[in-house]
Amino acid sequence: MTAADPIAPTLRVLVWHWGRRGGGPRFAVELAAGLAVVPGVASLLSLSAQSEQLRSASPPACALPWSTYNGMAGYVWRILTIPATLPSLRRRLRALAPDVAVCAMPALLDMLMALALRGLKIPYFVIVHDADAHPGDGLPMQMALQRHLVRGAAGIVTLSDHVARRLAERGEIGARGLVGLYHPPFAFGPQPPPPRAHGGPVRLLFFGRLLPYKGLGLLAEALLLLPQDGAFDVRIVGQGPETPILQTLRDMANVSVDNRWVPDAEVGEWLAWSDAVVLSHTEASQSGVAAAAMTARRWLVATRVGGLVEQLSREPLARLCMPDPASLAAAIRSLVDDPLPVCAASENAALSWHDMAASLTAGIRRVLRR
């Protein structure tokens, strides 16, 4: 870029996420790939060198792998050595010469990248997935670090109006540009057979982090209201602290709990096993699990909370209910009594990562021209 032309004809966009596993690295990889096919954009990717994406069978092209940490002691060491590592990061960024950077999802070492970008006068945007910390979610100071990162950003990107409203209510948007997008689809493996193709009981899958805001207690109460006639096979799969609610679920007939970290390679297998994905949240920003379930053409049962309403309100395979046991139980029971047509086409199917990346690029150009 030059002073006379603040936005180059070909926009070099660096997408970074320095978390090690989960939805963040996957989101960054998909976004960088989507940007790569947008006309007038050159896409660059920076991931943690410890990212599970780089250790997969088909690792993505990563222009800037950066060694982060493997535990809390490693994280503290990285923070203490920021003054020593900052010059090296600036040299590598200068060689890549991005015009703008996009934080795909905030992580704990973003202050280092922000310092390097500001020193080189490279504007950056932050995709804010959550405006508030969910109960039991995240690490100490995580939201404070996110707010600090946002304060230095040229613009904020949100994936739901719900998150945008919460940021505006707290005055965190200010004079920064706001780019409103949607959560694109997540594809894990080939398209599975339609729900109920196996001919057995309805298979319900609760997938993701086993944390309080995901409504495991609500789900347990709802399951107790359903007839114990073997109509449902329920799997709770994900990682979280062991709690009395998990034991209550384990003690139920036709319910199993698999409390562990699930690598990307297994996600498609669980979605293919399921007929319906249950999102019993008591609060939500939006859901990557919902995006994956829609892509796999699974039925969804979700509570009307937060950003789930706007994400799923037009999805023909989704049933929304109130966040109470009776309403959730009725929505689950309806999968047997009044199953949704499995051939229904999703309005979200046309919304690709390329579409989202094109909208992001347009938003970035608009903000930078101001």
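If you read the sequence from its start, that first residue is 1, and numbering goes on from there. Since we're looking at a predicted model, the values are computed, not measured.
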Measure across [X] and [Y] and return the closest heavy-atom pair with its distance rounded to 0.1 Å.
X: Y182; Y: S352; result: OH-O, 3.5 Å
X: D275; Y: P201; result: OD2-O, 3.7 Å
X: R78; Y: T68; result: NE-O, 2.8 Å
X: L218; Y: S280; result: CD2-O, 3.5 Å

Name the residue from R165, H183, Q286, R166 that meets the side chain to side chain donor-acceptor pair (under 3.5 Å) definition with S160. Q286
Any salt bridge between D132 and R170, counting N to O under 4.0 Å? yes
In plain terms, say whether R297 and E315 are close enough for a salt bridge, that is, a side-chain N and a carboxylate O under 4.0 Å apart. yes
Strictly by modelled atom types, are [X] and [Y] linked by a side-chain donor-acceptor pair under 3.5 Å?
X: N259; Y: E242; answer: yes
X: S334; Y: R319; answer: yes
X: S274; Y: W299; answer: no
X: Q53; Y: S51; answer: no

Same cluster for [X] and [Y] if Ile/Leu/Val/Met/Phe/Trp/Tyr side chains link at under 4.5 Å?
X: I332; Y: M322; value: no
X: V37; Y: L14; value: no
X: L120; Y: W66; value: yes
X: F188; Y: W261; value: no
X: L328; Y: L225; value: no

Give a yes or no answer on whether the side chain of D130 reaches the backbone of S285 with a donor-acceptor pair at less than 3.5 Å. no
Answer yes or no: are there more than 12 heavy-atom neighbours, outside H148 itself, under 6.0 Å from its atom NE2? no
Would you confirm whether the ring centroid of F186 sits within less than 6.0 angstrom of the ring centroid of W353? yes
Show me the donor-acceptor pairs, under 3.5 Å and distance only, between side chains in residues 25-32 and residues at least two apart or in other chains.
unit_1 : atom_1 : unit_2 : atom_2 : d
R26    : NE     : E30    : OE2    : 2.9
R26    : NH2    : E30    : OE2    : 3.0
R26    : NH2    : A187   : O      : 2.4

List the atom pairs, donor and acceptor, that lie under 3.5 Å between side-chain atoms in residues 103-110 and the rest of the protein, sequence neighbours left out.
unit_1 : atom_1 : unit_2 : atom_2 : d
D110   : OD1    : W16    : NE1    : 2.8
D110   : OD2    : A107   : N      : 2.5

Pair listing, salt bridge (charged side-chain N to carboxylate O under 4.0 Å, His left out) test, anchored in residues 320-335, at least two apart: D229-R333, R333-D337
Side-chain contact, heavy-atom cut-off 4.5 Å: F206 with V234? no
